[in-house]
Amino acid sequence: MRETRDVSKAKPSSPAISARMSRQARRDTAPELAVRRLLHAAGHRYSLNVRVPDMPRRTIDIAFPRAKVAVFLDGCFWHGCPEHATQPKANAEWWRTKLDRNIARDLETSEHLAESGWIVLRFWEHEAPDRVARRVAATVERQRRGRQQRSDGGK
């Protein structure tokens, strides 16, 4: 008979690795700050770490609530980047489960926001900040124009 292990009760690799991982920035990361600086310099105003409606403990990195645009800047390791994600060798099962849950949570959050009428933009931390900021700005402006046209009766 094959032994099954409850991975949810497993522990991270070691106290040292656990401590190092807990110090990882969750907000105000270098890529996030770079994108925010560019957006702000271009005259765009946004909200930070806005709670996702009806989803406790989930936040939008950069939100444009009126335009209903949610921007996420995902770390390659934590969110499973197809180009740069790595698989820890120590305690591999625990890490695989944890990272898979992160990916599933990202998808669930994106779907929930989209169903609520938000445009969801997700970028990897390795993407060029100027490219990210341009795409975000274009999306926000398109949303604002669309809302303006609808409020003007299509004039």
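This structure is a prediction, so every number in the text was calculated from the model and none was measured. Along the sequence shown, the residues carry numbers beginning at 1.
Shortest non-hydrogen contact noted between His40 and Arg45 is O-NH1, 3.0 Å. The two residues Val52 and Ile60 make their nearest non-hydrogen contact at CG2-CG1, 3.8 Å. Smallest separation of non-hydrogen atoms from Val50 and Ser47: CG2-CB, 3.4 Å. The two residues Ala67 and Gln143 come nearest to each other via the heavy atoms O-NE2, 3.3 Å. Of all heavy-atom pairs between Trp124 and Gly80, the closest is CH2-C, 3.7 Å. Contact detail for Arg122 and Asp106: the closest heavy-atom pair is NH2-O, 3.3 Å.
Rounding to the nearest 0.5 angstrom, the gap separating the CG atom in Leu38 from the CG atom in Leu33 is 11.0 Å. For the atom pair CZ (Arg96) and CD (Gln87), the distance works out to 4.0 Å, reported to the nearest 0.5 Å. The structure places CZ of Arg105 at 8.5 Å from NE2 of His79, a figure rounded to the nearest 0.5 Å.
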*What's the verdict on side chain to side chain contact (heavy atoms under 4.5 Å, CB included) for Glu125 and His84, showing C-alpha distance, side-chain angles and the deciding distance?*
CA-CA 10 Å; Glu125 67 181 339; His84 301 107; over 6 Å; no
*Evaluation steps, side chain to side chain contact (heavy atoms under 4.5 Å, CB included), between Thr29 and Leu73*: CA-CA 9 Å; Thr29 61; Leu73 289 135; 5.5 Å; no
*Take Asp28 and Arg36 through the side chain to side chain contact (heavy atoms under 4.5 Å, CB included) test and state the conclusion after the steps.*
CA-CA 9 Å; Asp28 300 331; Arg36 286 173 14 199; 2.8 Å; yes
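Side-chain contact between Ile62 and Leu48 is present, with heavy atoms from C-beta onward closer than 4.5 Å. The closest side-chain heavy-atom distance from Glu141 to His44 is below 4.5 Å. Taking 4.5 Å as the limit, every side-chain heavy atom of Arg51 sits out of range of all side-chain heavy atoms of Arg58. Phe64 has its side chain out of reach of Thr139: every pair of non-hydrogen atoms, C-beta onward, lies at least 4.5 Å apart. You'll find the side chain of Thr109 reaches within 4.5 Å of the side chain of Phe72, heavy atoms only. Side-chain contact between Glu111 and Val120 is absent, with no heavy-atom pair separated by less than 4.5 Å.
By the 6.0 Å contact criterion, CZ on Arg57 is open, its count of non-hydrogen atoms from other residues, nucleotides or ligands being 12 or less.
Here Arg135 pairs with nothing under the side chain to side chain donor-acceptor pair (under 3.5 Å) rule; sequence neighbours left out.
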Exercise answer: donor-acceptor pairs, residues 112-119 side-chain atoms, under 3.5 Å, sequence neighbours excluded:
{"residue": "His112", "atom": "NE2", "partner": "Pro53", "partner atom": "O", "Å": "2.6"}
{"residue": "Ser116", "atom": "OG", "partner": "His112", "partner atom": "O", "Å": "3.0"}

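Using cut-offs of 30° and 60° for the angle between ring planes, the Trp78 and Trp95 rings count as tilted.
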